[in-house]
Amino acid sequence: MADDWRGRSGPIAVLTGAGISTDSGIPDFRGPQGVWTKNPIAELTSTYQNYVADPQLRARSWLARRDNPAWTAEPNAGHRALVDLEGSGRSLRILTQNIDRLHQRAGSSERKVLELHGNMFGVVCVSCDARATMRETLDRVASGEPDPPCLTCGGILKSSTIMFGQPLDEKVIGEAAIYAQNCAIFLAVGTSLTVYPVAGLCEIAVDAGADLVIVNAEPTPFDGLATEVIRDPISEALPRLVSDLIARSEAG
Ligand code: ZN
């Protein structure tokens, strides 16, 4: 039966993508209202190679970072459901593709959240790896530096997120793979599962015997591998799922 997995004990790995934050007012990338669906050029220009080659693109990027709706977004019922799941004592890791830190703001423990793509609250120099906060760097933009250089070496600064054309942090993706390999349930929430190596975490989990459960409005390439696919809105589906899981583990 499709819902047998709900009674399974053991660790849960939850992979989250942009879809869990859309109900917080942050647009996703590949959904019907997605940033890249509406403006495919934006995807091409947001590559690392173009960014380091083009000062005007960088100036536009700093303004886009300043105006990111994520600064004022609040966590939603989907984020809070995962806090409840952690609070139930279930072994849990959240592997997130999101850079908005809404999981932590909702109350998930820092150590339970692995940020696969970094986060938008820091900046890093592409030459010397010096770090600064996004807040102080955006203050420099506001004070008249359209493309603020690194204060240590004069190099190019970027958000401490992974851009297209940049490899993921090997340590982080390695850690994510270990969670995928050792979980009983792999829950993929609000992610199109089209970008590797993150999408490959589903395969790792299924190969190791986990039940794959997908909660996403649109079809994904992994739906055929899934024990269950849920199309309902995430901020409704996830609280329901989590209360089922908690109820079943208490009953069991
Ligand atoms: Zn530097």
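Counting starts at 1 for both ligands and their atoms, following the listed order. Please read all numbers here as calculations on a predicted model, not as lab measurements.
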Between Ile162 and Leu114, is there a shared hydrophobic cluster once you connect ILVMFWY residues whose side-chain heavy atoms come closer than 4.5 Å? yes
Close to the Zn ion (ligand 1), meaning under 2.8 Å, how many protein N, O or S atoms are there? 4
So the ring-ring contact (aromatic ring centres under 6.0 Å, His included) pairs with at least one residue in residues 179-200 (sequence neighbours excluded) are none
Of Pro148, Ser159, Cys150, which meets side chain to side chain contact (heavy atoms under 4.5 Å, CB included) against Thr137? Pro148
With no hydrogens and no angle check, is any side-chain donor or acceptor of Arg131 less than 3.5 Å from a backbone partner on Val123? no
Which of these passes side-chain hydrogen bond (donor to acceptor under 3.5 Å, both in side chains) with Ser21: Asp100, Thr16, Thr96? Asp100
Check whether any side-chain N or O of Glu136 sits under 3.5 Å from a backbone N or O of Thr133 as a donor-acceptor pair, and report yes or no. yes
